[in-house]
**Q** 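Got a structure here, written out as structure tokens. Questions coming.
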2 protein chains.
Amino acid sequence: MLSERRAAILRLIVSDYVESAQPVGSENIVRRHQLEVSSATIRNEMARLEEEGFILQPHTSAGRVPSDRGYRYFVEYLMPDEDLALQEKRRILHQFYQATSEFHEWLGLAASVLARSVRNIALVTEPSEPGARVKHVQIVFLTETSALLVAVLQDVKVRERVMTLTEPVDQETLTQVASRLNDALRGADAPALVHAAHRLEGLEGQVTETLLRIVEEEDAGQHVHAHMEGVRELLAQPEFHPSEKMLSLMDVLDERRLPQALPIRELPEHGVAVVIGREHSQERMREFSLVLARYGAADGPGGCVAILGPTRMQYGRAIATVRYLSEIVTGLMERLYAS
Amino acid sequence: MLSERRAAILRLIVSDYVESAQPVGSENIVRRHQLEVSSATIRNEMARLEEEGFILQPHTSAGRVPSDRGYRYFVEYLMPDEDLALQEKRRILHQFYQATSEFHEWLGLAASVLARSVRNIALVTEPSEPGARVKHVQIVFLTETSALLVAVLQDVKVRERVMTLTEPVDQETLTQVASRLNDALRGADAPALVHAAHRLEGLEGQVTETLLRIVEEEDAGQHVHAHMEGVRELLAQPEFHPSEKMLSLMDVLDERRLPQALPIRELPEHGVAVVIGREHSQERMREFSLVLARYGAADGPGGCVAILGPTRMQYGRAIATVRYLSEIVTGLMERLYAS
DNA sequence: GGTTAGCACTCTCAGGGCGAGAGTGCTAAC
DNA sequence: GTTAGCACTCTCGCCCTGAGAGTGCTAACC
């Protein structure tokens with residue numbers, strides 16, 4: 001434990017440094033906080049604090065900076081037990097009342113509020129539970145030899161998977177299978193599914209095994225998705241030496257509507273479109289170039305493959321790669337929608 | 001149209017500048033490409049190119065840099081019609097054979113391959129189709145007064161939504177409603193749903209309206225999600241003046257397993273955990289701090305709310321905000337799982 | 001013994017000066 | 001139309017310097 005005075009000094013160093021991002025010196029500390037002692041005394045104490053590893057000096061003749069250990073001590077013993085002002089709480093809560101009622105979007109909102117509130121990166125993960133269980137199953141006809149398995153898990157999570165079938169079936173059969181499995185597998189977790197998979201045969205067995213794989217992946221936390229916000233806030237902090245151009249890129253990326261900003265509709269049927277710098281309709285994109293291509297069948301569903309970079313770009317290579325990947329994805333999709 | 005020689009010079013300027021990120025000068029251009037003419041000639045031509053707006057000078061006595069118009073001309077007329085080497089194509093294709101068979105993940109893979117291949121940001125959107133149609137509907141019992149609507153759209157997209165019901169129902173009823181709606185609404189698009197919503201009453205009407213809202217949102221492209229990769233690649237380019245610390249942050253973020261890296265299991269039931277700098281088990285996180293809290297009921301599903309930033313952080317504020325938001329999310333979740 | 005004034009010392013940082021280097025445009029001759 | 005030559009401009013890296021900030025030590029003081 002630190003003596004009371006040393007602790008007080010450490011507290012001041014931490015809070016000043018957090019605020020200014022500048023190493024804090026003994027002289028400054030007395031001046032800013034009107035301490036009753038002289039800077040020499042502070043210096044003596046600081047020397048001790050440094051010996052014990054709570055603070056460190058970037059170089060001689062610089063002020064002190066808290067070490068990890070210093071921060072830890074601060075968090076553990078020195079930090080005022082802060083709580084948000086009532087007003088701020090109300091402001092935050094308010095935003096949740098206005099939003100949609102989709103839980104998923106609430107999480108995104110939480111991340112966004114958090115990031116803006118503390119000017120750092122905020123992460124909010126989707127909920128998950130160790131022992132995933134099947135709540136409901138549905139199988140949808142796609143083609144004669146493929147079907148979409150939709151599984152609702154106990155914690156209101158929906159997982160889907162395309163299955164390739166060994167023999168042709170119709171929706172009627174699929175619905176019946178789903179109905180039987182719903183009775184048999186309600187509330188089943190991984191071990192129960194293993195058991196059931198041994199017992200069941202044919203289509204039912206195949207579906208059960210797919211369910212098992214879904215549940216196992218869930219248990220392994222493989223698909224835990226996190227909403228991330230505030231990268232721009234963080235990179236704007238002085239320790240990252242932010243450059244003008246970098247921040248303007250971050251602005252473009254933080255824009256939630258980036259995918260919508262892609263001029264997909266204007267794409268030629270085949271081939272690659274290039275938008276360079278000031279040709280962009282959006283102000284923010286004026287420093288960047290975009291190389292993009294559509295994928296998917298001409299009259300069917302489709303999306304786009306794109307590259308975003310500075311106007312200084314290897315256009316030839318970019319175009320060739322975008323084109324090739326859009327072809328690959330188109331191929332994959334044809335296989336999925338089958339024929 | 002540019003004269004042949006001027007076009008050739010523009011091409012050299014573009015390709016040299018793309019490679020080096022340095023303004024290119026007349027002397028250098030003749031030396032590097034062993035031109036038959038002198039630098040003075042090049043200078044004359046360059047002066048013309050600048051007059052016509054194809055290139056520009058950052059300042060007197062700097063070399064020339066292509067303008068947006070210059071790049072455009074390059075892309076339109078000067079660019080060699082590049083195609084990827086067969087070997088490279090094979091390398092790319094190979095990765096698609098190894099991966100899972102989930103279309104969604106293929107798109108992520110495409111983005112990742114693209115980003116690494118051209119060292120820029122890659123975007124790949126999920127497929128979408130202008131006139132969304134309902135393919136299959138399922139309704140899952142959650143609580144007496146809430147149900148989960150799962151809709152499969154024509155283009156194999158699954159959308160879910162929690163519905164609050166006006167009167168208590170059981171799974172039996174829900175299944176019947178779903179079955180009737182599946183017959184009535186197969187292949188329905190937005191206008192058809194509007195029509196049906198008018199005709200149908202009670203629970204069926206409510207579900208149809210929810211479906212309508214889902215389809216409308218889909219048509220508006222509101223949920224077009226894009227896989228984004230390669231932010232780090234791009235920020236490492238010289239025009240962004242990348243700093244050491246920034247790149248190390250990007251490394252942490254590009255790590256796909258970031259959510260898994262959060263030590264959720266070790267979280268206390270209530271309260272907030274703080275991990276500072278070198279306390280992290282992961283090498284890469286050593287320069288950063290993490291403030292995190294669990295949300296969700298103690299024995300039910302849950303996730304985590306976290307802040308990631310440099311060790312220089314307003315811990316007090318961060319802790320208070322994380323705590324408050326985890327409480328809010330916990331509350332929302334309780335309402336969802338109801339009681 | 002703790003505190004402090006005084007002081008010599010160290011190191012960074014911003015600014016100025018300077019020369020090298022790169023690049024330009026112009027002119028006159030080929 | 002091309003080019004050698006030249007004067008000119010501007011950046012950039014380097015060095016130097018002085019100011020400023022900060023430190024540790026010592027000796028005196030309470």
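Protein chains get the first letters and strands the later ones, always in sequence-line order, with residue 1 at the start of each. As the structure is a prediction and not an experimental result, all values here were calculated from the model.
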**Q** Between A/D83 and A/K89, is there a salt bridge with N-O shorter than 4.0 Å?
**A**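 Salt bridge: yes.
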**Q** Output yes when at least one side-chain N/O atom of B/R5 is less than 4.0 Å from OP1 or OP2 of D/dG1, else no.
**A**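 Indeed not, no polar side-chain atom of B/R5 lies that close.
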**Q** For A/D16 and D/dG22, what is the distance between atoms CG and P respectively, to the nearest whole Å?
**A**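 Rounded to the whole Å, the gap is 11 Å.
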**Q** If we check side chain to side chain contact (heavy atoms under 4.5 Å, CB included) with B/N120, which of these qualifies: A/V291, A/L308, A/T321, A/I307?
**A**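 Of A/V291, A/L308, A/T321, A/I307, side chain to side chain contact (heavy atoms under 4.5 Å, CB included) with B/N120 is met by A/I307 alone.
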**Q** In whole angstrom, what separates B/R43's CZ from D/dC8's C1'?
**A**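 About 12 Å, once rounded to whole Å.
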**Q** Give a yes or no on whether A/R278 atom CZ has more than 12 heavy-atom contacts from other residues, nucleotides or ligands under 6.0 Å away.
**A** no
**Q** Give the rounded distance in Å between these two atoms: CD of B/E27 and P of C/dT24.
**A**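 Between P of C/dT24 and CD of B/E27: 9 Å.
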**Q** Specify the separation, in whole Å, of atom CG of B/N28 and atom C1' of C/dG23.
**A** 10 Å
**Q** Which part of the nucleic acid, if any, lies within reach of A/Q22 when heavy atoms closer than 4.0 Å are counted: base, sugar-phosphate only, or nothing?
**A**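 The answer is nothing, as A/Q22 stays clear of every strand by at least 4.0 Å.
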**Q** Within this structure, what is the CE-to-C1' distance between A/M46 and C/dT4, rounded to whole angstrom?
**A** 16 Å
**Q** Does C/dA29 pair with anything, Watson-Crick or G-U wobble, both distances under 3.5 Å, and if so, with which nucleotide?
**A**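 The answer is D/dT2, by the H-bond criterion.
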**Q** Within this structure, what is the CD-to-C1' distance between B/E50 and C/dT24, rounded to whole angstrom?
**A**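 It works out to 10 Å between those atoms.
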**Q** Any donor-acceptor pair under 3.5 Å between the side chain of A/S61 and the base of C/dC11?
**A** yes
**Q** Classify the side-chain pair A/S248/A/E287 by whether it contains a donor and acceptor separated by less than 3.5 Å.
**A**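 Result is yes, a qualifying pair exists.
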**Q** Examine the side chains of A/R317 and B/S117 and answer whether a donor and an acceptor come within less than 3.5 Å of each other.
**A** yes
**Q** On DNA chain D, compare the nucleotides closest to A/A62 and B/T60; which residue's is nearer the 5' end?
**A** B/T60
**Q** When you get a sec, tell me which of D/dG22, D/dT2, D/dG24 is the closest nucleotide to the side chain of B/T41?
**A** D/dT2
**Q** Output the rounded distance in Å from CD1 (A/I42) to P (C/dT3).
**A**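 Going from A/I42 (CD1) to C/dT3 (P), I get 10 Å.
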**Q** What nucleotide among D/dT11, D/dA4, C/dT4 has an atom nearest to a side-chain atom of A/S38?
**A**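 Selected nucleotide (nearest to the side chain): C/dT4.
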**Q** Quick check: on DNA chain D, is the nucleotide nearest A/P23 upstream (toward 5') of the one nearest B/E45, or the reverse? Name the residue that is more 5'.
**A**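 Whichever sits nearer the 5' end wins; that is B/E45.
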**Q** Nearest-Å distance, CD (B/E4) to P (D/dG1)?
**A** 16 Å
**Q** A/R64 side chain: which of D/dG24, C/dC11, C/dT4 is closest?
**A**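 Comparing D/dG24, C/dC11, C/dT4 against the side chain of A/R64, the answer is D/dG24.
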**Q** What's A/N44 touching, base or sugar-phosphate or nothing? Going by heavy atoms closer than 4.0 Å.
**A** base
